[in-house]
There are 2 protein chains.
Amino acid sequence: MSRTSDDSAPKKTRIQERREKLVLDCALEAFATNGFHGTTIDQIAAKADLSKPNVLYYFKSKEDIYLSLLQRTLEGWLDPFIAIDVAGDPMTELEAYVLAKMDMSFDQPLPSRLFAIEVMSGATQMKQSMRTTLRAIVDEKAAVFQTWMDQGKLKPVDPHHLIFSIWSVTQHYADFAVQIECLLDKPPNRALAKAAVIDILLRGLRVN
Amino acid sequence: MSRTSDDSAPKKTRIQERREKLVLDCALEAFATNGFHGTTIDQIAAKADLSKPNVLYYFKSKEDIYLSLLQRTLEGWLDPFIAIDVAGDPMTELEAYVLAKMDMSFDQPLPSRLFAIEVMSGATQMKQSMRTTLRAIVDEKAAVFQTWMDQGKLKPVDPHHLIFSIWSVTQHYADFAVQIECLLDKPPNRALAKAAVIDILLRGLRVN
DNA sequence: GTCTATAATATGATAGAC
DNA sequence: GTCTATCATATTATAGAC
């Protein structure tokens, strides 16, 4: 009961935070493949090597786990996108962004899949923030692209659809990894994939 | 019990076929948004305006409905891809394919979503056919693209990854329709989307 | 904090009348 | 062929001992 070592508002001990992170990590693995309904608390508990009531001691319900996970996932998702700098060289900025997304897809496919399943299920939990927060950021970056095109630094193309294309192609390597592995010799050649995607998405934008 | 009007092996009456199609149509709507586990037979029955036992009279289990649906969906999926003709003009063939896929995404997003959810869930039911049938077709078309590039009719790029890019960008408009609607003014401008996608995916391939 | 036991509910599937 | 009623099971969540 002592709180001498605590310092912030949410009075969580170190072990609590560690347990919660453990549960979320295990839940991510389950939710990202089987979706919300296809995942049971038993599965999560088994992965985390905890009992089911113990999991529900840290999260009050399955939905609570899911929502916490979704929020945690969204936090890191936009970082490389926001990092696109209008003052930088357009092709350099775009290449860096595409490569960052490709690395995310290969290194951490699960958050991408969780996100995809959530959106395909109607995105009940995220629609509001997509219409406001996400939309504001997307519009801002679309304006950056438009500026570059107006300056003659990029060939003209609709900026919003360019963003969608970059997202879809890069995330495809996470979301459809199973299919890609069936169609290519395993293990997939990451360097080849990254070079090809850069070629396909950005070559048409280059101004001589 | 009369079979005078029947002609083929599966002795189904016309009304049976109609009912089965009705169930599959309603099931598609449910499975494509909520996945296998998120969908109940009750939901399907309600949509079809049938009782639950009546649905199970036509399909012996929920899994039976799901698998039948998956098979039906896959049948039409590859048609426009197979139609790509090595003897045709490369840019014309590619444009026709991309536009066909875009129309499919806008007009029939549900099969695409069903497919996507299945793949993200591990594609237990389809892995085998992806490794054999689909892979053969993909390799064949990749060879067609390679031929065109060798002939100098297309700028060189890895053909397999080009196929993945086309799939991902076009199907994105079906699978992530909810997100796109949040980020663009509704209703989405189809002509603009199609033109932009053609630009982004194919402009870099054009040889002057 | 963690467990076993269990309540409460949802759902797949079947039995049997009509 | 279609229905109501029901069984059997799985799963969320809680109660209460330790």
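Residue numbers begin at 1 in each chain, while the letters A, B, ... track the order of the sequences. Predicted model only: the values in this text are computed from it and were never measured.
Contacts of I41(B) with the nucleic acid, taken as non-hydrogen atoms under 4.0 Å apart, involve only primed sugar atoms and P, OP1 or OP2.
In the set dT4(D), dT2(D), dT14(D), the nucleotide with an atom closest to the side chain of P53(A) is dT14(D). Closest to the side chain of L56(A), from the set dG1(D), dT14(C), dA13(D), is dA13(D). With dG1(C), dA13(C), dA13(D) as the candidates, the nucleotide lying closest to the side chain of K52(B) is dA13(C).
At least one donor-acceptor pair closer than 3.5 Å links the side chain of S105(A) to the backbone N or O of T170(A). Panel note: side chain N54(A), backbone L50(A); no donor-acceptor pair is recorded below 3.5 Å.
When all heavy atoms of I117(B) and A32(B) are compared, the closest pair comes out as CD1-O, 3.5 Å.
Y66(B) has its OH atom 20 Å from the C1' atom of dA13(C), to the nearest Å. Taking atom CG of L50(B) as the reference point, atom P of dT4(D) lies 12 Å away to the nearest angstrom. Put simply, CD on Q43(B) is 7 Å from P on dT11(C), counting in whole angstrom units. Look at CD on E17(A): it is 12 Å from P on dG1(C), rounded to the nearest Å. What separates CG of N34(A) from C1' of dA10(D) is a distance of 15 Å, to the nearest Å. Residue K60(A) contributes atom NZ, which lies 14 Å from atom C1' of dT12(D) at whole-angstrom precision. When the C1' atom of dG12(C) is taken as reference, atom NE2 of H37(A) falls 16 Å away, rounded to whole Å. Look at CD on E63(A): it is 12 Å from C1' on dT12(D), rounded to the nearest Å.
Contact annotation: Y57(B) reaches the phosphate of dG1(D) (side-chain N/O to OP1 or OP2, under 4.0 Å). Residue Y58(B) places at least one side-chain N or O under 4.0 Å from the OP1 or OP2 atom of dT2(D). At the phosphate of dC3(D), OP1 or OP2 sits under 4.0 Å from a side-chain N or O atom of S51(B). Checking the phosphate oxygens (OP1, OP2) of dT11(C), no side-chain nitrogen or oxygen of T40(B) falls inside 4.0 Å. The shortest distance between the side-chain N/O atoms of N54(A) and the OP1/OP2 oxygens of dC3(C) is below 4.0 Å. Between Q16(B) and dG1(D) there is a side-chain N or O to OP1 or OP2 distance below 4.0 Å.
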For this session: Could you check S112(A) against D175(A) for side-chain hydrogen bond (donor to acceptor under 3.5 Å, both in side chains), going step by step and ending with a plain yes or no?
Result: CA-CA 7 Å; S112(A) 182; D175(A) 302 342; 2.8 Å; yes
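Of the candidates K62(B), K47(B), K52(B), K52(B) is the only one forming a salt bridge (charged side-chain N to carboxylate O under 4.0 Å, His left out) with D42(B).
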